[in-house]
Amino acid sequence: MLNFFMPTRVLSGINCLKENSNILTGLGSRAFIVTGKKSSSQNGSLNDIITILEQNNIHYTLYNEINSNPSIQEVQDAAKIAKKTNPSFIIGIGGGSPLDAAKAIAILATNDLDEKQLFTGIYSEAPLPIIAVPTTAGTGSEVTPYSILTDYINETKKCISSPTIFPKVAFLDARYTMNLPTEITINTALDALSHALEGYLSVKATTISNIFAEKALTILGKALPKTLHHLTIDDREDLLYSSMLAGIVIAQAGTTAAHAMGYSLTFYKDIDHGKANGLVMYEYLKFINNHQHELVNKVLSLLQLKTLDDFGILLHNLLGTTPKLSIDELNLFVAKTFQSPNVSNTNPVPNRHDIENIFRNSFIIE
Ligand code: NAP
Ligand code: FE
C-alpha cells in the first residue's frame, strides 16, 4: 500500500520570495519571524522577507536568538514571546535549527503543552502556518514534518513528528546560501546525503520516496566533490534542490541508525549534525552492504562511484581528520543510539555489537 503525503508548496529560484509575495499577504496581518543570531541578516533572506512584510502592512516581530541544535527550553521561551504578539503565522529563516525552532514555536503558540505533550505529535489546536526559508542546503526541514530539539535532561536530541508542522510554503533561493563557509557547506551537504541514503535503505522506503532518493543521490554524486572548491550559483542550486528532495525522502521513510548514532556525537562532542552522520556513514553502509549488497551497489552507482572504498575516500576527503573517542564515550554512545526510535527503521536492525563496530571503525578509540 502506498501512502505519500507532502503538503508543502515548494517555490524555488532566484527571487522566488519577491515574485510570490502574495502568498505571505494571504496569511494574516501579524508574522513572527524566527532566525539564528546573524546569518539571515547577512545573506539577504531576512531583508527580503521584511521588505515584503512592510510593503504589505504586515506587522512582524523578529526573534533572532535561535542557537544551533535548539533546545526544548529555548523554543518554550521563544513561544512565550510569540504568544504575546498574537501572530497569525510563523516565518522560519535559516539553517535547520531556526526552521525546526519555528515549527515547535508554531505548535506552542496555539497549544498549552508541557514537554511530554509537545513530543506526542497530537495537538488539539492546529499549529500556526509555517513559512520556511532555508539558508543551508542540508536538513530539508522545509519539507519535513519534523522538529528536532536538544533535550538537556536526557542528554540527547529528540524529534517531534507531526504532519501538522509540514511548512505551508518553502522558498528556496540559492542566493542565500552563496556565502556559506566551506565547512558548513560540506557538513550540511553530508546531512542531505545521509537523508537520501538512509531513506533509500530504510524499512519505510516506498516506490515514491525512492524516486526522490534516486534523484537526490544522482545530483549529490556530482555536487559533493565540488564542495571543496568555489561553488557557482548553479552548484548552490543543485545542493539546495537535492537537499529538499532528500527532505521529502525522510518525510516518508524516516532516518535510520546513522542519524541515531550522530545525536550523541553532536550532544557530547559538539560535532555538527551533518558531519556527525558523515563520520559514521561509510561503516554504516558497509554494515548494510553485508545484508543488502544489491541495494548498496545501486546507491554507489547513483553516486557515480565504483566501489564502497571510493565512497569511503569521498567521505574522508570531505571530513578531514578522524576524531577520537574514549572507551567510556564509545559505551555511552552505543547505549544512547538505541534510545532513538529511528534505529528500528534500519534494514536489518543492528544489534549492540553492530553499532559498537560501526563506532569503533569510524573513530580513533583511545
Ligand atoms: P544550523 O544549526 O541551522 O546552522 C549552522 C550555522 O550555519 C549557524 O552558525 C548559522 O548561523 C550558519 N548559517 C546558516 N545559514 C547561513 C548562510 N546562508 N551563510 C552563512 N552562515 C549560515 O545548521 P543546519 O545543519 O542547517 O541545521 C542543523 C539542525 O537541523 C540540527 O538541529 C538537526 O538535528 C536539524 N535537522 C532537522 C531535520 C528536519 O527534518 N527537521 C533534518 C535534519 C536535521 P546563524 O545562527 O547566524 O543563522
Ligand atoms: Fe539530518
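Sequential numbering from 1 along the given sequence is applied to the chain's residues. Every number for a ligand or one of its atoms is a count from 1 in the order of the listing.
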Numbered atoms and elements of ligand 1 in range of Thr136, under 4.0 angstrom, heavy atoms: 14 (C), 15 (N), 26 (O)
Neighbouring protein N, O or S atoms of the Fe ion (ligand 2) [cut-off: under 2.8 Å, no waters]: Asp191 OD1, His195 NE2, His259 NE2, His273 NE2
Per-residue contact class, Gln42 against ligand 1 - non-hydrogen pairs under 4.0 Å: neither
Nitrogen or oxygen atoms of Lys157 and ligand 1 under 3.5 Å apart: yes
Aromatic plane relationship, His259 with Tyr263 - under 30° parallel, 30 to 60° tilted, over 60° perpendicular: perpendicular
Atoms in ligand 1 with a heavy atom of Thr144 nearer than 4.0 Å: 39 (C), 40 (O), 41 (N)
Between Ser141 and Lys103: side-chain donor-acceptor atoms closer than 3.5 Å: yes
Proximal atoms of ligand 1 relative to Gly95 (non-hydrogen, under 4.0 Å): 3 (O), 26 (O)
Sequence neighbours excluded, every pair satisfying side chain to side chain donor-acceptor pair (under 3.5 Å) that has a member inside residues 19-41: Lys37-Asn67
Proximity to ligand 1 by part of Thr135, non-hydrogen separation under 4.0 Å: both
Check: Thr307/Asp309 side-chain N/O donor and acceptor closer than 3.5 Å: no
Ligand 1 to Ser147 polar contact by distance, N or O atoms, under 3.5 Å: no
Minimum-distance protein heavy atom relative to atom 24 (P) of ligand 1: Gly96 N, 3.5 Å
Nearest neighbour in protein (non-hydrogen) for atom 38 (C) of ligand 1: Ile148 CD1, 3.7 Å
Top protein contact for atom 19 (N) of ligand 1, by heavy-atom distance: Leu180 CD2, 3.6 Å
Tyr146, any N or O under 3.5 Å of ligand 1 N or O: yes
Ligand 1 N/O within reach of Gly94 N/O, cut-off under 3.5 Å: no
Lys/Arg-Asp/Glu bridge criterion (N-O < 4.0 Å) met for Lys83, Asp112: yes
Parallel, tilted or perpendicular, as decided by the 30° and 60° cut-offs, for the rings of His273 and His195: tilted
Heavy-atom nearest neighbour in the protein, as seen from atom 18 (N) of ligand 1, with distance rounded to 0.1 Å: Tyr176 O, 2.7 Å
Salt bridge (Lys or Arg N to Asp or Glu O under 4.0 Å) between Lys157 and Asp100, intermediate numbers included: CA-CA 12 Å; Lys157 298 187 86 175; Asp100 283 5; over 6 Å; no
Distance-only donor-acceptor check, side chains Thr255 and Tyr146, under 3.5 Å: no
Nearest neighbour in protein (non-hydrogen) for atom 7 (O) of ligand 1: Ile184 CD1, 3.4 Å
N-O pairing of Asp114 and Lys116 below 4.0 Å: no
With Lys204 via salt bridge (Lys or Arg N to Asp or Glu O under 4.0 Å) - residues at least two apart: none
Per-atom contacts, ligand 1 versus His195 - under 4.0 Å to a heavy atom: 42 (C), 43 (C)
Nearest neighbour in protein (non-hydrogen) for atom 46 (O) of ligand 1: Lys37 N, 3.4 Å
Test side chain to side chain donor-acceptor pair (under 3.5 Å) applied to Asn289 and His291, His293, Lys286, Gln292, the passing residue: His293
Geometric N/O contact Asp100 with ligand 1, under 3.5 angstrom: yes
Residue and atom name of the nearest protein heavy atom (relative to atom 4 (O) of ligand 1), distance in Å to one decimal: Ser68 OG, 3.8 Å
Residue part near ligand 1, for Asp191, under 4.0 Å between non-hydrogen atoms: side chain
N/O donor-acceptor pair under 3.5 Å between Glu283 side chain and Ser362 backbone: no
Ligand 1 versus Asn69: contacting region, heavy-atom distance under 4.0 Å: both
Any donor-acceptor N or O pair under 3.5 Å, side chains Asp235, Thr232: yes
Asp173 side chain vs Arg175 backbone, donor-acceptor pair below 3.5 Å: yes
Heavy atom of the protein closest to atom 48 (O) of ligand 1 (residue, atom name, distance): Ser39 OG, 2.6 Å
Ser97 N/O under 3.5 Å from ligand 1 N/O: yes
More than 12 heavy atoms of other groups within 6.0 Å of Glu183 CD: no
Location of contacts on Thr188 toward ligand 1, heavy atoms closer than 4.0 Å: side chain
Lys38 contact mode with ligand 1 (heavy-atom cut-off under 4.0 Å): both
Audit row: Lys336, Tyr268, side chain to side chain contact (heavy atoms under 4.5 Å, CB included) steps and yes/no: CA-CA 11 Å; Lys336 287 274 177 187; Tyr268 293 103; 3.2 Å; yes
Residues Asn210 and Glu214: side-chain donor-acceptor under 3.5 angstrom: no
Ligand-residue contact atoms, ligand 1 with Pro98, heavy atoms, under 4.0 Å: 3 (O)
Ser40, any N or O under 3.5 Å of ligand 1 N or O: no
Partner set under side-chain hydrogen bond (donor to acceptor under 3.5 Å, both in side chains) for Tyr152, not counting sequence neighbours: none
Any donor-acceptor pair under 3.5 Å from Thr150 side chain to Asn69 backbone: yes
